[in-house]
Amino acid sequence: MSDMPKTYEHQETESRLYNWWEKNGWFKPECRPDDAEAFVISIPPPNVTGALHMGHAMFVSLEDLMIRRARMQGKAALWVPGTDHAGIATQLQVEKMLIKNGTSRQEIGREEFLDATWEWKDKYGGAITKQMRGLGASADWSRERFTLDDGLSEAVREAFVRLYRMGLIYRGEYLVNWSPGLQTAVSDLEVETSEEKALLYFFNYPVKGGGSIPVATTRPETILGDTAVAVHLEDPRYSQYIGQTALVPMLNREIPIIADEYVDREFGTGALKITPAHDHNDFDIGKKHGLDMINIMNKDATINENGGQYAGLTREACRDKLWADMKAAGLTIREEDYMRQTPRSQRGGEIIEPLLSKQWFCNVKPAADMALEAVRTGRITIVPERFNKVWENWLTNIRPWCISRQLWWGHRIPVYYVNGTDEFVVAHSDEEAYEIARKQYGTAVTLEQDPDVLDTWFSSGLWPFSTLGWPHDTADLRRFYPTSVMETGYDILFFWVARMVMSGLLFTNDIPFHTIYLHGLVRDEKGRKMSKTLGNVTDPLDVVAEYGTDALRFTLLTSGTPGQDLNLSLDKVASNRNFGNKIWNMARFIITNIDKVNGADKPAAPVYSTADQWILHRLGETTENANRLFEAYLFGEAGRQINDFLWGDFADWYVETAKVQLNEGGATAWTTMSVLAHVLDQALRLLHPYIPYVTEETWQQLKAALTTADIGYEPAGGWPEALIIAEWPTAVEKYPEAVTDYERLQELVRAIRNARAEANVPPSKLITAVVTGEKADSIAAQQGALAFLARLEPSALTIAAQATPPETAVTLPLGDITAYLPLAGMVDVAQERERLTKELAETEGQIKRVSGLLNSPFAQKAPPAVVQKERDKLAQLEAARVEMAERLGSL
RNA sequence: GGGCGCUUAGCUCAGUUGGUUAGAGCACUUCGUUUACACCGAAGGGGUCGGGGGUUCGAGUCCCUCAGCGCCCACCA
């Protein structure tokens with residue numbers, strides 16, 4: 001008897017197994033031979049300050065699945081973990097803490113602030129990786145990296161210097177997306193637009209010398225920065241004014257009236273005010289016409305001295321005051337409700353202001369072309385394929401990337417200004433900078449490093465190779481680069497994936513990975529985005545605590561398809577927890593039955609029963625399907641099929657049938673035990689990448705029991721030390737005839753159970769049956785199983801090709817066999833006649849349908865195998881009809 | 001303005017290369033504690049696969065079209 005508890009205890013198991021796996025070095029690629037094929041995934045580094053959410057649980061589940069399978073396939077599987085310094089997010093967190101402590105970033109200064117941030121990182125940075133361990137992540141923690149560690153910082157400088165020398169990095173004053181709250185520029189990607197209720201303000205632009213041009217704007221405060229009024233060349237309403245001068249309201253600054261075909265005569269008033277320093281379109285028009293660019297705002301979006309009497313006001317206050325003043329001056333026309341595409345900061349949420357600012361930019365066009373080529377030619381495959389189009393579209397229309405940020409936490413830009421001028425040198429280090437500068441400017445040179453840092457994504461864009469040692473030619477880089485699969489959410493396809501591909505191609509002259517697998521977002525059960533404000537966030541740690549890691553992983557892995565958002569339901573998690581328990585109990589059954597066999601029972605060669613062959617065949621099919629689906633990255637379907645096999649075939653049918661065979665003792669019992677052990681062993685291997693804990697624990701129990709029982713059973717290839725390093729199943733056995741025979745038995749059992757239920761025969765009552773028909777012998781060979789499964793009295797069974805049917809009986813015509821259940825006293829003749837008549841009508845309907853099909857062009861045009869299937873079906877139906885008709889006649 | 005996705009049982013979702021009466025889990029009904037498991041077992045009810053058209057011997061699956069929902073990209077004041 002086993003001391004296994006009736007219920008699988010995930011709480012007790014998980015950390016014990018995790019520590020054991022890690023201690024044994026199985027998370028490291030070195031657990032495989034040096035010449036083993038490499039399989040590598042770089043983790044999408046979570047923000048170092050972040051807390052685990054379902055998105056993390058999703059990627060950990062998927063990547064661990066791929067890594068574990070690769071490891072079992074004998075590959076040198078390497079999963080490189082790490083975290084991202086996350087410039088803005090982390091800086092905000094630390095600033096918040098400082099304010100709470102009564103100080104501020106500005107007050108303590110840059111040096112001290114960075115010290116405080118590192119301190120914060122050391123204190124809280126480990127939380128997220130600890131949580132990932134809890135999810136079973138079999139990553140090689142000895143290779144853990146941080147985007148701001150020394151090695152990666154070196155990589156960032158190297159990349160910057162190379163880009164600069166390639167002429168792809170430049171500094172310039174352009175209109176950038178300015179975040180007034182964070183006081184930094186952000187990239188186009190970090191701006192999110194949403195349609196928001198606003199007003200469209202109509203007013204008259206006075207023309208010097210009389211007349212006016214009506215104009216509309218959503219942001220009246222920008223009037224202060226207007227440097228032109230534009231109309232369409234062929235607009236009869238306004239063309240007379242072209243070339244004249246307009247006067248900026250309230251400021252009375254003189255500005256030209258110009259013609260430009262960009263102006264849409266149909267929209268608004270058909271005339272346009274131009275503010276080149278505060279609007280992207282106007283910036284382009286301003287450049288085109290050589291207009292002045294007047295910046296009217298400070299870094300905090302208050303109005304500067306160029307705003308005249310409005311200087312010092314916030315942008316909102318200025319809008320109100322200016323509009324009120326214009327109203328008083330009789331310049332306004334009206335205000336209209338308007339839905340405006342409002343740009344907001346991805347981080348802070350405040351409205352982004354287009355602002356003229358000197359920043360560092362990266363011309364990504366050449367690299368983008370290479371990235372496009374890599375996907376077009378298939379060097380890189382995107383799963384699911386439809387994201388090719390998104391990729392194509394974004395990279396084709398890519399614009400320069402603003403890479404400088406006015407933050408303190410991040411990689412400082414390796415640019416040094418010389419002697420307080422705008423001249424600069426670019427260098428890998430301070431020493432190198434001085435060296436270069438002295439050569440050029442003499443020994444008395446002073447250098448000042450650019451105060452800005454790089455966009456966080458600049459460093460994460462180097463991740464797949466920087467984590468392996470680039471720019472140095474390390475052993476890891478040679479062995480594990482390019483990596484294999486980049487698995488991440490589709491929401492960071494542009495932010496991160498595209499940039500890794502571009503920088504990989506640029507710096508390593510190679511693709512960083514051959515496959516991009518994109519998963520969807522995890523939403524709540526109603527399909528809403530999880531958010532703190534909605535209060536619908538499901539914390540993975542809570543789920544894990546209640547249902548176990550395996551239940552959460554299996555749910556995330558089998559609830560959807562690649563690239564598709566999935567709605568997480570706790571009901572599903574619960575039923576997957578039950579699945580783990582079911583597996584546990586399959587092993588418990590096997591283990592508690594080992595004493596029914598002993599070593600002496602072992603046959604020279606196994607003789608498999610119909611059921612044995614059937615389950616081995618089904619195992620083979622499942623293995624084949626799973627492998628095919630894995631290759632196609634259809635992990636969800638693979639998992640579902642293994643689940644169906646284990647629960648629906650193995651537990652529900654084979655284990656039940658095995659009970660009979662085990663009780664027979666001798667070689668039959670031994671063989672049955674070997675099949676039970678083999679099938680469960682193989683299925684546990686297939687499931688291990690999905691649900692590592694319960695499979696390992698169950699497998700260890702099974703192994704321990706079978707090895708100590710000394711019955712002479714051993715899996716092919718012997719017992720490995722652990723499931724995590726066991727060989728991945730590929731072997732396939734086929735027994736098509738046994739499948740037909742066992743399925744016939746299943747059909748018969750179901751028919752009898754159904755008849756019993758309809759006649760209200762209690763399960764405790766054993767009944768008798770007569771089974772006849774041409775295939776009766778195949779049932780006779782499975783007599784014991786039939787009796788057990790259908791709850792029949794074994795000694796009262798009649799199974800023969802020819803047999804006299806009992807007088808009063810329920811008839812179950814199944815085609816090549818017919819069963820009669822003598823249920824005298826429970827079913828009368830009239831009832832049975834009614835039931836049979838109904839069934840006969842149904843059968844005849846089906847015969848009509850199938851024979852109609854076979855008499856249609858289908859018979860000629862469909863593949864022979866498909867046609868034959870229909871013919872067989874028809875034959876079964878015909879036989880059943882004859883049987884029913886005869887029986888009805890005799891009743 | 002472009003592009004993408006979704007619409008299948010009451011709910012949440014599968015359905016891999018088109019193969020002929022559409023599947024799972026949960027929920028529901030009835031029965032059951034036969035020593036693996038009540039985190040269980042057995043039997044059942046429930047869907048004209050969003051609408052319309054087309055291709056095909058055959059369409060949930062491919063094509064066109066319409067509708068609803070969602071997402072991404074885009075400089076209309």
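Letters A, B, ... mirror the listed sequences (proteins, then strands); counts begin at 1. Keep in mind that the numbers below use all heavy atoms, side chains included, and drop hydrogens, waters and symmetry copies.
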Could you tell me whether the phosphate oxygens of [N], OP1 or OP2, come under 4.0 Å of any side-chain nitrogen or oxygen in [X]?
X	N	answer
K6(A)	rC37(B)	yes
R753(A)	rG44(B)	no
K659(A)	rA36(B)	yes

Rounded to whole angstrom, note down the [atom1] distance from [N] over to [M].
N	M	atom1	answer
rG50(B)	rG60(B)	C1'	12 Å
rC62(B)	rG5(B)	P	11 Å
rG10(B)	rG47(B)	C1'	11 Å
rU12(B)	rC72(B)	C1'	25 Å
rG52(B)	rU61(B)	P	13 Å
rG58(B)	rU17(B)	C1'	16 Å
rU48(B)	rA22(B)	P	11 Å
rG19(B)	rA59(B)	P	11 Å

Would you mind classifying the nucleic acid contact of [X] as base, sugar-phosphate or nothing, using non-hydrogen atoms under 4.0 angstrom?
X	result
R791(A)	base
K273(A)	nothing
D571(A)	sugar-phosphate
K389(A)	sugar-phosphate
S559(A)	sugar-phosphate
D644(A)	nothing
Y8(A)	nothing
R340(A)	nothing
V850(A)	nothing
A865(A)	nothing
G560(A)	sugar-phosphate
E546(A)	nothing
Y338(A)	sugar-phosphate
T193(A)	nothing

Between atom [atom1] in [X] and atom [atom2] in [N], what is the gap in whole Å?
X	N	atom1	atom2	answer
L518(A)	rC4(B)	CG	C1'	13 Å
F650(A)	rC37(B)	CZ	C1'	13 Å
E631(A)	rU17(B)	CD	P	15 Å
L789(A)	rG41(B)	CG	P	15 Å
W647(A)	rA24(B)	CH2	C1'	12 Å
N397(A)	rG1(B)	CG	C1'	14 Å
F387(A)	rC73(B)	CZ	C1'	13 Å
Y547(A)	rG25(B)	OH	P	18 Å

Distance only, no hydrogens: is a donor on one side chain within 3.5 Å (strictly under) of an acceptor on the other, for [X] and [Y]?
X	Y	result
E190(A)	S187(A)	yes
Q868(A)	D872(A)	yes
D260(A)	H289(A)	yes

(Q) With a 4.5 Å cut-off on side-chain heavy atoms, are T623(A) and L686(A) touching? (A)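 Counting from C-beta outward, L686(A) and T623(A) do come under 4.5 Å.
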Q) So, do V694(A) and T13(A) sit near enough that their side-chain heavy atoms are less than 4.5 Å apart? A)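 No, every pair of side-chain atoms sits at 4.5 Å or beyond.
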Q.
Just checking F635(A) against Y517(A), ring centres under 6.0 Å apart?
A.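 Distance test on ring centres: under 6.0 Å, yes.
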Q) Of all residues at least two apart in sequence or in a different chain, which pass the side chain to side chain donor-acceptor pair (under 3.5 Å) check with E637(A)? A)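 R640(A), Q641(A).
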Side chain of [X] only, heavy atoms from C-beta on: which candidate in [options] is closest?
X	options	answer
N754(A)	rA77(B), rA14(B), rA43(B)	rA43(B)
N578(A)	rC39(B), rC72(B), rC75(B)	rC39(B)
Q641(A)	rG19(B), rG15(B), rU16(B)	rU16(B)
V263(A)	rC26(B), rA77(B), rA43(B)	rA77(B)

Q. Dot-bracket for RNA chain B: what is it, with Watson-Crick or G-U pairs under 3.5 Å, [ ] where a pair crosses earlier ones, and | for a pair to another strand?
A. (((((((..((((.....[...)))).(((((.......))))).....(((((..]....))))))))))))....
Donor/acceptor link under 3.5 angstrom from [X] side chain onto base of [N]:
X	N	answer
R588(A)	rC37(B)	no
K582(A)	rC37(B)	yes
Q564(A)	rA14(B)	no

**Q.** Closest-nucleotide 5' rank along RNA chain B - winner of I590(A) and A859(A)
**A.**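 The answer here is I590(A).
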Q.
With nearest nucleotide decided by heavy atoms, which residue, S856(A) or P863(A), maps closer to the 5′ end of RNA chain B?
A.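 Counting from the 5' end, the first nearest nucleotide belongs to P863(A).
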Q. Which value, rounded to the nearest 0.5 Å, describes the distance between Q661(A) atom CD and L676(A) atom CG?
A.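 One gets 8.5 Å once the value is rounded to the nearest 0.5 Å.
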Q) To the nearest 0.5 Å, what is the distance between CG (L355(A)) and OH (Y174(A))? A)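 One finds 16.0 Å between CG of L355(A) and OH of Y174(A).
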Which atom pairs, donor and acceptor, lie under 3.5 Å between side-chain atoms of residues 212-222 of chain A and protein residues at least two apart or in another chain?
unit_1, atom_1, unit_2, atom_2, d
T217(A), OG1, R219(A), N, 3.0
R219(A), NH1, H278(A), O, 3.4
R219(A), NH1, E353(A), OE2, 3.0
R219(A), NH2, H278(A), O, 2.7
E221(A), OE1, R319(A), NE, 2.8
E221(A), OE1, R319(A), NH2, 3.4
E221(A), OE2, R319(A), NH2, 3.0
T222(A), OG1, R219(A), O, 2.7
T222(A), OG1, K273(A), NZ, 2.8

Q. Is NZ or CZ of R588(A) both nearer than 6.0 Å to the six-membered ring centre of W699(A) and within 45° of the ring axis?
A.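 Output no; distance or angle outside limits.
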